[in-house]
Amino acid sequence: MPPDATEIIVFIALVLGFALAFAPAQSPRRSLLVRGGTGLAGTVAIAAVPTFDLAILVLLTLGVLHAAAGGKRAFAIRLRAPLLAVAMLALAVVLARVEGPVVLARFAAVGLVAGLAAGIGLLPYLHPFDADDAAASSPVAWIAFIGPVLAAVVVARAQGLLTADAGGAFGAMLIGLGLLNMAWGGIATWLTESTTAAWRYSFIADWGLALCGIGLTVSDGRRGALLVLLTIVLGRLPLYLVFRQAAAAKTATERPVNLVVAAMLAGSAPFAGFAARVLLLRGATQLYWPLALVLAAGMLLWLPGSLRLGRSIGAPRRRQALGVALMLAANIAAGLYPLPLLEAARL
Amino acid sequence: MIQILSGIATHSVALLLYPGLAALVAFGTVVELLWMRLSLRGREWPELPRRRPSPVVGTIALCSMLAAVQLAVPWNLVPGEERSVVLAAVALAFTAWAELALTVEFVAEPGLLLVIQLCWLLAVLGPAVQPESLRPQVLGNVLVPGLLPVKVGCAFLYLLCLPALLRLWPLAPATERRGRPRLDARRILTWFPYCGLFTTLFISPSADDAAGLLRFFGFTLVVAVVVILAGVVVQRRGPAIVRGTYTKAVTPFAVLVLAIMVLTSILMR
Amino acid sequence: MPSAAVLAPVALPLAAAAVIAIFGLAGFNLGRIAAAAGGWSVVATLLAIWLPVRSSLELTLGQLGYGSAFDLRIDGVTFAFGMMIALPAALLLTLQPRAWQEVVLSMLGLTAAMAAVEAGGVVLTAIAGGTAATIAMVLLDTEDPRARRPSWGLLLAGWLALTWVGVILQVGGGTAVYSAVPVATVTGPIFALVAASAVLASCLFPWRTWPAELWARPSLRAAGVTIATLYPLGFYLLVRAYELGDGHYPHPLFNVLLAVIGIAAAAAAAARAQAAATRREFLGEVIPGFGGFALTAIALGTALGLVAGLILLATASALVACLALLPDRAGIAPLLTIAAAVGLPPGIAFGARAIGIEATFEAGDFLGLIGVAAAAAWATWMVGGARAIGLPGGRGHPAAETFPRVSMLIAALTLISGPALAAIQFGFAAPVAAEVMPSSAGSLGGGLASVVTVSSVLPVVILFVPLLVIGVAIYASTGTSPIRTQARPALFKFPVGSASGRVWAGIRAATVPEQYRSILSVRELEAAAVGASPVLWLAALVALAFAVTR
Amino acid sequence: MVEAAAAFVAWLGVSMIVLADGRRGLGLGVALAGLGLAAIVFQGHGLVAAAALAVGAAIAAARRLVSGSAGWQIMPPGSTPRLVLCIGAGLLALWIGFGITTGTGAALRFAVMSVVGLAGARVLASDDPAVLLTAVALLALAIAAAAGLSHSAPGMWPYVAAGLIAAAVGWLPVRTPDAA
């Protein structure tokens, strides 16, 4: 199991625990436990299985189960993106394993990148989104729960499957899609009408940073990507769950806690997002400094959207407030001293 | 410690007596009487101030003293290396605005006066740009041909600004137009620093002897007379012409002097 | 002195914040005593660490994870900026009553600012500075969500730019530690980035930004602490930049540009000050004005300019506390404060500005013209100050947070501490020059009695003491003059403020022309992207495949 | 020769899935595709692997024969684009499998690419849960078969897992979308 995938799985388990422990009393814990548990088991399986084929099969199973679990959108609509991801990953594996012209290996890289984007739900393969969908049955499950481990596994497997030339194309495509998702996610979070959709776009923006980090093919890039995934799983996802409660209660407030949350979502110091940005800028500077300039400028896009999302979580009370406080503290600790996390992932 | 105490003593004497308060009051009074002689002609003499001096006059006196001790006047107890044109210019700049603190009515055309003061600051500090020295007497002693255009331009600009800064111009504030004029203590305190600074900056320094003393005060008195004559002329021209002159002639001339300064710096570089 | 002592100025306010928070959550507000303890502990530890040895003390622990080790250092620069940050903050925390949440946030802000000036490397400074900015935003919002706040975007952009500088130095030079960065690594573009982040961090712009706007808030509790902790950090970066370049900026043009930015900021603040409608509005421009003059002096590149700039910053930090405690009604306190702000002789502001202007003439080339501009800006400040004395007070802030005697004491101290200018330079500013400009710091002579410039000597003790005594005597002996409080017209209208407002209004009103809206409809573009259409997906796949064949 | 025929059968089966809407057509398609893939896998990876795929396919086919819309409904009106798709995809897979790529296992390459490609396309184009789940089953079988292309021995697990998925997916209860 790739060490960074293991670490992400621990993060996911923690956020599942957060959701169960700090969700308000009246929320359906049993269904949350079943769905969350299934998702967690699926992510463990994706990371633990010995071959990439089995990982794709597990992904296929998860896709079908998630689609069948119901929600606001039709079964066919919910099934499309995961299955497209499975199909593209499968074709990529085939093209990577056959002997033939060099371009086939590059097409394999295309399949891996497209499959990964479709599996997570990133541009240009955005999963259809319905603001009224429950969190567990919405695309957020893919983008924030299953996606991080899938990314770690696909990237780890890609290193074994792809040639050096195809690996370069793989990295370049990831950076390209990363920048696209950063820009789209950052602007859409700020300007889109629905606040729930804004939350979804904010995940996409964070994923843009992660893809850029992964695509940089230097260790600092991978470290930065891991920290971004940490902020997604242990920061943005719990706050999204809190928002879903606040959205239900239709409360949007401008209190200090909203500003602190906005700072964390914006990747401001001292939160883990800022440390991730330091590493990403470091990696990009090693590779090609104009890319670092573009990244630095893009990082400013987070702020207006984050202020909006910060207001949308309302005023968390008692149990939720404790949960938010613990989550913010964890983010600050990871932001100030990320070394243990990076060493645990052997990055 | 003894050195510091003796320094404080000598500087106190310099500030209070010569070339400080006593000297500038004496010189100022003489020149003010000359100005009143020429400008009042037939009107009754102004009455002497009956009340204790106001904080405004106190502030003007303080700043004038500080400016006066920077001058290259013979036997100045403040040594040459301690004098600075920046201190003189800034201290004198304060004197123009102390009155504005009390009420707007005491200062005529503050906006135009500020522009004129900026031109004056250019004239005072401009000569120091190229030589990179701040000692007034050193600037006065600069006779390098390359720097003469700047020096002449600044000198002329300096003189142009004085009538306004010393409030000899017809744009008197509303309060001064009503009733019998009072002796202008503010102007008395600033005659010597303004005219002495001109002599220091634009005329070579005088020796520390009687002849030098006469030479310095002679030149300073000449400057005062020139300014007084200019004052009389502008009084007759009337406010409209004076306002137009300062806005349409003096300010562009200051820009020209600035251009000469920049050009000189480029050429001398 | 054990190197772990370096932690004290950061750890103590952090511990104070924790204790206050715990008690606060338990429903018990420890009040100003705990706040004062936290604040003054920083001042005390800085003095205790620096004064005995007056040399650099450094603590380096292990790596943190982003290419930087945990490296804290107290040297001359840290001591100077630490005092500028901690003293006003401690004074305000001691005197002004606050809710425990605001005290905790103020303590955290002080902690972050101290960490920023103690950080041994650029990246750590960026993280700590960014944290200070975040906490300041939350503190201001905690006090009053509807009142003016700094632009978070500008602050974040500044600290991100510094972060990038740090990583470039790490990648290019192998380290971002100030004292270890190879001089050749600090190229022109990198320095431009440092300068940009410094200007953004303190908002040193000609137009009106938060260092002026925060003074218009209904309450000045959070504003005072915020300006005390955030405003010096931009200047700190410019001073450390000298250390990165071994006493110089990479090119003299940078010195000129930064000096011009400083003059523009000081002159613009003066222009706004002379057009202020109330005294509070005038006083709001004092700190940006001081900042502009300080930046001009610091940017000259000479040791004299640096010490003049540092003394101006120290005066500004004293005035931060003074202005935050100043009541709005007329009286001696505002009068003295305005006199101190405009630099009436023989105050320390007068001496420091005069030395700053003298330094420009002696810096050579065209910098003398900047000195002339500085004098002109100062003259405009004089007009603004004289005018402001008779202005109406303006919107008051709660009497409970004002202390006229303390603010009057601070203003008086700045006015009578002119003679101490040389001593302050010797004890406070010269160590900074020695740290960051080792080669040219030797030119700073004069000991405790005078300040030596290239071409002249300012005998601050033997000239300013008699001048001070004479001044006191004069004012004691003069009568009183009725200051008429009246709405006073501005001498001239400042075009930049309204121009930038018009530009922003134009940008906001910009829309896509009617006939093109169908093409560029963002809503339809979003709907297409989210519609999960197989055609779009396959087209994207083909596009990627085409891209990799190039 | 047997592999080539098996590959053709696999292609035929997945084409049936694309062209048919009725449960009989779908059932036949699964059976054919599963049979073809199992036969190819049998050539290279032994009986157990082939058996796992075959059993999975058989169960899926059996399940499909009793659930979904009735009849064959093969090539209903308006299905010409699907036919073109099947033929086009088949030719592309053929060209890549046999023309461009080299080395042994050409039939497996052709079969896997055509089944994955067409099954994926079918998922994107249909809304009927029966069709979708059938395509999912085939996709699983093809992914397992692709394990055979790996340079290292894939072991039994991919085939067994795929068989299980193909067999079980037919029984998956599909909920209708929640009321708005």
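Here the structure is a predicted model, which means the values were calculated and not measured.
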Highest number of heavy-atom pairs under 4.5 Å with chain C: which of A:L303, A:L295, A:I332?
-> A:L303
Side-chain heavy atoms of A:P124 within contact of C:W537, under 4.5 Å | no
In terms of heavy-atom contacts, A:R282 and C:V171 come closest through O-CG2, 3.7 Å
Rounded to the nearest 0.5 Å, what's the gap from CG on A:L280 to CH2 on C:W164? Could you check?
-> 13.5 Å
For C:G65 and A:L279 the tightest heavy-atom approach is O-CD2, 3.6 Å
Among C:G67, C:P145, C:A545, C:S533, residue most engaged with chain A (heavy-atom pairs, under 4.5 Å) | C:A545
From A:L84 CG over to C:L538 CG, what is the distance, rounded to the nearest 0.5 angstrom?
-> 7.0 Å
Taking all heavy atoms of C:L64 and all of A:P338, pick out the closest pair and write down the distance.
-> O-CD, 2.9 Å
What residue in A:I77, A:V113, A:L336, A:L342 has the most heavy-atom pairs under 4.5 Å with chain C?
-> A:L336
Calculate, to the nearest 0.5 Å, the distance between atoms OG1 and CG belonging to C:T142 and A:L259 respectively.
-> 7.5 Å
With rounding to the nearest 0.5 Å, note down the distance linking CZ in A:R277 to CG in C:L160.
-> 7.5 Å
Side chain / backbone / both / neither for C:I168 at chain A, heavy atoms under 4.5 Å | both
Side chain, backbone, both or neither: which part of A:L293 has an atom under 4.5 Å from a heavy atom of chain C?
-> both
Would you check, one step at a time, whether the test side-chain contact (heavy atoms from CB on, under 4.5 Å) holds for C:T131 with A:F271?
-> CA-CA 8 Å; C:T131 305; A:F271 297 99; over 6 Å; no
In this structure, CG of C:L541 is separated from OH of A:Y125 (nearest 0.5 Å) by 4.5 Å
Can you say whether A:F170 sits under 4.5 Å from chain C via the side chain, the backbone, both, or neither, judging by heavy atoms?
-> neither
How about A:V260 and C:V138: do any of their side-chain heavy atoms sit closer than 4.5 Å?
-> yes
Supply the atom-to-atom distance C:W159 CH2 to A:S268 OG, rounded to the nearest 0.5 angstrom.
-> 11.0 Å
May I ask you to test the A:F107-C:T549 pair for a side-chain heavy-atom distance under 4.5 Å?
-> yes
Against chain C, label A:E343 side chain, backbone, both or neither, depending on which of its atoms sit under 4.5 Å from a heavy atom there.
-> neither
Highest number of heavy-atom pairs under 4.5 Å with chain C among A:P340, A:A266, A:P256 belongs to A:P256
Given a strict heavy-atom distance threshold of 4.5 Å, which part of A:W289 is in contact with chain C: side chain, backbone, both, or neither?
-> both
Heavy-atom pair count under 4.5 Å with chain C, highest-scoring of A:A292, A:A275, A:A197, A:A296 = A:A292
Is the closest side-chain heavy-atom distance between A:L281 and C:T163 below 4.5 Å?
-> yes
Can you find a pair of side-chain heavy atoms, one from A:D220 and one from C:V167, that are under 4.5 Å apart?
-> no
